[in-house]
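So the structure is just underneath, and the comments pick up after that.
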Amino acid sequence: MSLRELTNTEAMAEALKEEMSLDPSVFIVGEDLVAHGGIFGQFRGLPEAFPGRVIDTPISETCIAGAGLGAALTGMRPFVDLHFADFVTTAMDEIANQAAKIRYMFGGQVKVPMVIWAPDGAGLSAAAHHSQSLEAWFVHTPGLKVVSPCLPYDVKGLIKTAIRDDDPVVFFMHKKIFGHRGPVPEEEYLIPLGQADLKREGSDLAIITYSIMLLHAMEAAQELASEGVNAEVLDLRSLWPLDWEAIAKSVSKTHRVVVAHEACITGGMGAEIAARIQEELLDELDAPVVRVGARRVPHPFSPPLERFVIPGPHSVLEAARKVLEKQF
Amino acid sequence: MSLRELTNTEAMAEALKEEMSLDPSVFIVGEDLVAHGGIFGQFRGLPEAFPGRVIDTPISETCIAGAGLGAALTGMRPFVDLHFADFVTTAMDEIANQAAKIRYMFGGQVKVPMVIWAPDGAGLSAAAHHSQSLEAWFVHTPGLKVVSPCLPYDVKGLIKTAIRDDDPVVFFMHKKIFGHRGPVPEEEYLIPLGQADLKREGSDLAIITYSIMLLHAMEAAQELASEGVNAEVLDLRSLWPLDWEAIAKSVSKTHRVVVAHEACITGGMGAEIAARIQEELLDELDAPVVRVGARRVPHPFSPPLERFVIPGPHSVLEAARKVLEKQF
Amino acid sequence: MKGSLKADEMVGLYRTMCRIRAFETKVQELFAANLIPGFVHLSIGEEAVAAGISSVLKPDDYITSTHRGHGHVLAKGADPRRMMAELFGKRTGYCKGKGGSMHIADFSVGVLGANGVVAGGFPIAVGAGLSCKLRGTDQVVVCYFGDGASNRGPVHEAMNMASIWKLPILFACENNQYASTTAMSYSTSVGRIALRAPGYSMPGVTVDGNDVLAVREAAQQAVARARAGQGPTLLEALTYRWRGHFEGDPQRYRTKEEVEEAKEKDPILRLAATLRKKKLLSRELEERIQREIQEEIEGAVRFAQESPYPEPEEALEDLYAGDVAQAAKGGLS
Amino acid sequence: MKGSLKADEMVGLYRTMCRIRAFETKVQELFAANLIPGFVHLSIGEEAVAAGISSVLKPDDYITSTHRGHGHVLAKGADPRRMMAELFGKRTGYCKGKGGSMHIADFSVGVLGANGVVAGGFPIAVGAGLSCKLRGTDQVVVCYFGDGASNRGPVHEAMNMASIWKLPILFACENNQYASTTAMSYSTSVGRIALRAPGYSMPGVTVDGNDVLAVREAAQQAVARARAGQGPTLLEALTYRWRGHFEGDPQRYRTKEEVEEAKEKDPILRLAATLRKKKLLSRELEERIQREIQEEIEGAVRFAQESPYPEPEEALEDLYAGDVAQAAKGGLS
Ligand SMILES: Cc1ncc(C[n+]2csc(CCOP(=O)(O)OP(=O)(O)O)c2C)c(N)n1
Ligand SMILES: Cc1ncc(C[n+]2csc(CCOP(=O)(O)OP(=O)(O)O)c2C)c(N)n1
Ligand SMILES: [Mg+2]
Ligand SMILES: [Mg+2]
């Protein structure tokens, strides 16, 4: 495989371009897509390449998400851009009560092939209405699939799979990773939903993570390595379906686990993972699973406050030290 | 204290009546309240007793919740009836982005004394749009308080406290408990938010629960007692603030724990509790914490299906047996 | 216009209304006899709306329906046997017992689903309309809704979007004057829902919703407009809900007299009178229609009663189309 | 009407507009110099709307503002020093650095908050209006919003509720013709937002939003109506956003010429010309006004720059008013 380096923005645009070329039922709908190719340039080139298939909307997230659903029910494969993850609040009925439940409520009569995509995450002083990571709400909602990759390779492969998937996929990308570069093969490839990827092998402890925290976890792992600790980093990529086998493997190998995400710790994805690890693998644990995430406050604006609230490499490091300390 | 038996419906109406008599800034707003005193009769007598202070609205949950917020910011103490918990999906922006965050975003300038009340839960063949238990979303949302009691005594005391509280309180009551009777003193009393109540003392295992699952847990505990197992049942009543001390005490005493709620297990409140127990009290556990909750599907309509999806006394019993089995 | 209707079309309208009435009257009985679980919302008295509108639709046109949707669904061509089985919670129902009265769909005849969320159908209708436009078909979408629904936010977003994109949508308001216990005159800032249409630059028409011929005529114009790519129409049909909001509703919000008075405007009797005047409905024909309908409905009840309940484990099926079905089952859930 | 304005009132309008312009021009510089974190949305060119409306409000009247809210907040009486400190993220800011540009509030002068969610202020305004009514005050509420916001669902719910309850609300649309990259002519199904008012049985008025006297006059009527218990008004002010949607916006959606042409309708120059014609704005007065404003803004910048940042741990304060503050801190969070 020949490799190039692409940014996440480029990887995403390329994935969409390929899928739109292959399948005329794929279209993109959302606010402010055409003029600037999306707020991160994630659709650059597509409005020109696919006239009429990248559709600007009024500011109406409720109806945008629901229109995606209506189109999915009638033969199309919409890719819905929700602008900012924080605005899912305005479309929760369409996502959680309608899209998630329609196939089931109607006894499997119909498929719902749609992607609901949104940039999430903090770190840009964007304050309380433009910084949240809300994936836990959707993992708690039966009927949805939830994806949140970090590296361009994974972004491209998962965007393509999410588009081809016949169920509603909620797809989050952290707004600070759009410029992040990484190798992406020229050849076509797909990444299945529900498959984690071991980004770093290790034996002393497992850091289970996803989205931007992968970068922080890798940094922490490197620091740990310099101290002689061999951490393994498991990138979940998909949160539902959840690759429980990969998690169990890491836990059984390292016996010490950190779960790290940027969302609020309380009630976050880390709670589900930690709860399940102790439920199924308690005997494997040499120390409690430690969770890393944001403190339980909204995102403050001022840089020193925001830095204090959201986790970084130091938070993963701290958690790792705590997990390593304990001797049974 | 003289005791009477009241239903939850009566206890709730009495709490509101007392608070509305004491404080002219308290009012009730929502759909279809006046003609029938609310869909469960929970406001019976109040429209007549307090003319103009029980306010019917158009079907506009988004604006109803947000109007509660606007009123709370300007000197009133609204009690917002959201009709069915499932419809919080239409007011998530108002609840999670506005009410929850306003005090914080604005640096503590203002108080947000409002209650957002909704009946939740399944068991009436009301199907996917009228059966959910969504408390986990709100526990994951900093700025909110979350309450979900079961018995009339607790309902009355907590409704009164929630109304007097200066923060937004999301208050769920299971729709199958409205007719449930229990002792309620004539004398006035309050129950603090964040205080669990030990509904049954025991030493062999702790069942941590809330809302309708309390009834199921008590039933299971009785069954266990007949088998010589002494289960303790801790009724959380409030989910945030969470009475961690009470939980820790039960865990340290019994070393075996079941966490039970009617909401979907995956990403539910039980995940948070189990994760935290293993994080802080791993050495106390003689067996993994076992979670009880709904299976990860929407609520089906047909009775045999619905019974299979939601947990009952048998589910608690099964979990208890699993927890008791394990010998370290 | 009305005159141009063919005889069999007029009789067809009559038959459709009678079928809806008979189906729902039977449901009322069955519910009272505790044979149907959950909640049931009946549209008895409002049959002209669904009948009139569906009479101008093609099989591949779409509708989004509401909590009070039996009429819409029947009129669009759904099978009363599978509907009844669904109401009973049986495996042979449209949704294999997973949906019930508020969640019936039949994608094979364009029924995109009833909805438990008031106004939940609006965004879906917009999406279906957009899909028709993108796929270049001449299909149209009917979005049924109530007077109460008209005040929800998604209505506004949907009407605006449908208008700017000239989507082929008929927004069909069944104004039965109440939303549960709440009178439209209290909840709604405008005397006629159709008066909101100019705010979206679309035609707004109010018709007598108990006059099936008037409904049909207005729907025909709207549908023609939609098929011609000229965009959506808001059609308001004034009618009345004879039964309570749900079966069992104590109805303290209105008087018996008001209900009795409304019943005098029975859309079925009204069309029957017209047909008789035109000599289109002989006693024999009428008896035959009623007999056929009774047989059909009784057959539906029999089908429902004889069908098995789903097995409990079937609750785990139909969640995902993709290969996660397995994962979901194998998971903790 | 216009003639009945007193001289000092007219000069006051001028001063308010100049203060907003000066504040935002300074913010633009500071942002470009990387002294302000996050995102900033400027209302330069739109000053007449906030100035005209606020000039008819009392201190205890309320406003809900938007992401483009510096002008609304300043005109309502907020302190530019605390605003600027907030933009810098300093502890002396209105929100102790927790809010930033999109989340400024000053409850002491009735500013119920800017909002990061487009149309997020509507339900809050309805609640404030309901509160005024329940408390029996004669306060009014101004709900500012943009042309883009007008298509969101909460607008519909809010206008309907405000109308049925005759709430004292002025819905003030700053129609600057764009919502981010999207032209109103594309996104909106009606040529003038005010044309939606009849759908809510409320007056709908469109004025030249660059003519502060016209804005003031229309606002005065709406506010009088509101105070008299006659209900809400929808006022649309046509204006133009001179800067990008946010500072840094590449603005590929419009031409430089279009912007230059719009700038010729500068509301400040326009009032200045009127004032000069009426001999109300001597060169000395004008210089004094500008000098005072410059001093005030420079003082605000100095205040902001000299103020300390909050300590990191302060991030855990101000979440709850009740005793859970402790619990939250002590908790896992
Ligand atoms: C979003 C939402 N809010 C409230 C309800 C509860 N509810 C069900 S039907 C109904 C009244 C609907 O009135 P209308 O739209 O006029 O329809 P009708 O029942 O008269 O046919 C209400 C309030 C709901 N299902 N969904
Ligand atoms: C619900 C929501 N959707 C989208 C956005 C992103 N956004 C911020 S401002 C804006 C444009 C608003 O346009 P308009 O209402 O006309 O106000 P203007 O910016 O022109 O003052 C958009 C789309 C948002 N903040 N909130
Ligand atoms: Mg109605
Ligand atoms: Mg604008």
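What you are looking at is a predicted structure, and each value in this text was computed from that prediction instead of being measured. Chain identifiers are assigned alphabetically (A, B, ...) following the order of the sequence lines, protein sequences preceding nucleic acid strands; residue numbering begins at 1 within each chain. Heavy-atom basis, side chains included; hydrogens, waters and symmetry copies ignored.
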### Message
Testing the basics here: between Pro123(C) and Glu94(A), what is the closest heavy-atom pair and its distance to 0.1 Å?
### Response
CG-OE2, 3.8 Å

### Chi angles and distances behind the side chain to side chain contact (heavy atoms under 4.5 Å, CB included) call for Ile102(A), Leu112(C)
CA-CA 9 Å; Ile102(A) 265 188; Leu112(C) 304 183; over 6 Å; no

### Query
Would you say the side chains of Asp318(C) and Gln109(A) form a donor-acceptor pair under 3.5 Å?
no

### Which atoms of Ser25(A) approach chain C - backbone, side chain, both or neither, heavy atom under 4.5 Å
neither

### Message
Is the shortest side-chain heavy-atom distance between Asp166(A) and Tyr320(C) below 4.5 Å?
### Response
no

### Task
Rounded to the nearest 0.5 Å, what's the gap from CZ on Phe122(C) to OG1 on Thr62(A)? Could you check?
13.0 Å

### Query
More than 12 non-hydrogen atoms from neighbouring residues, nucleotides or ligands closer than 6.0 Å to CD on Glu245(A), yes or no?
no

### Task
Tell me, for Ala119(C) versus chain A, whether the close heavy atoms (under 4.5 Å) come from the side chain, the backbone, both or neither.
neither

### Query
Is it the side chain or the backbone of Ala125(C) that comes within 4.5 Å of chain A heavy atoms, both, or neither?
neither

### Message
Testing the basics here: between Asp167(A) and Ala321(C), what is the closest heavy-atom pair and its distance to 0.1 Å?
### Response
OD1-N, 2.7 Å

### Proximal component of Leu144(A), with respect to chain C [non-hydrogen, under 4.5 Å]
backbone

### Task
Starting from the C-alpha separation in whole Å, work towards a yes-or-no answer on side chain to side chain contact (heavy atoms under 4.5 Å, CB included) for Ile64(A) and Met161(C).
CA-CA 9 Å; Ile64(A) 296 166; Met161(C) 263 163 123; 3.9 Å; yes

#### Entry: Separation of Thr90(A) OG1 from Glu157(C) CD (nearest 0.5 Å)
7.0 Å

### Summary
Here the pair of heavy atoms bringing Ile55(A) nearest to Trp165(C) is CG2-CZ2, 3.5 Å

### Message
For Lys166(C), is the NZ atom crowded, meaning more than 12 foreign heavy atoms sit under 6.0 Å from it?
### Response
no

### Query
Atom SG of Cys63(A) and atom CG of Leu130(C): how far apart are they, to the nearest 0.5 Å?
9.5 Å

### Task
Report yes or no: is the cationic atom of Lys98(C) (NZ for Lys, CZ for Arg) under 6.0 Å from the centre of the six-membered ring of Tyr104(A), at an angle within 45° of the ring normal?
yes

### Query
Rounded to the nearest 0.5 Å, how far does NZ of Lys101(A) lie from CG of Leu319(C)?
10.0 Å

#### Entry: Under 4.5 Å from a heavy atom of chain A, the part of Leu134(C) involved
side chain

### Query
Roughly how far, to the nearest 0.5 Å, is CE of Met76(A) from SG of Cys132(C)?
10.5 Å

### Task
Specify the closest pair of heavy atoms between Thr74(A) and Ser131(C), including all atoms of both residues, with the distance to one decimal.
OG1-OG, 2.8 Å

### Query
Around Lys111(A), counting heavy atoms of other residues, nucleotides and ligands shown, do more than 12 lie under 6.0 Å from its NZ?
no

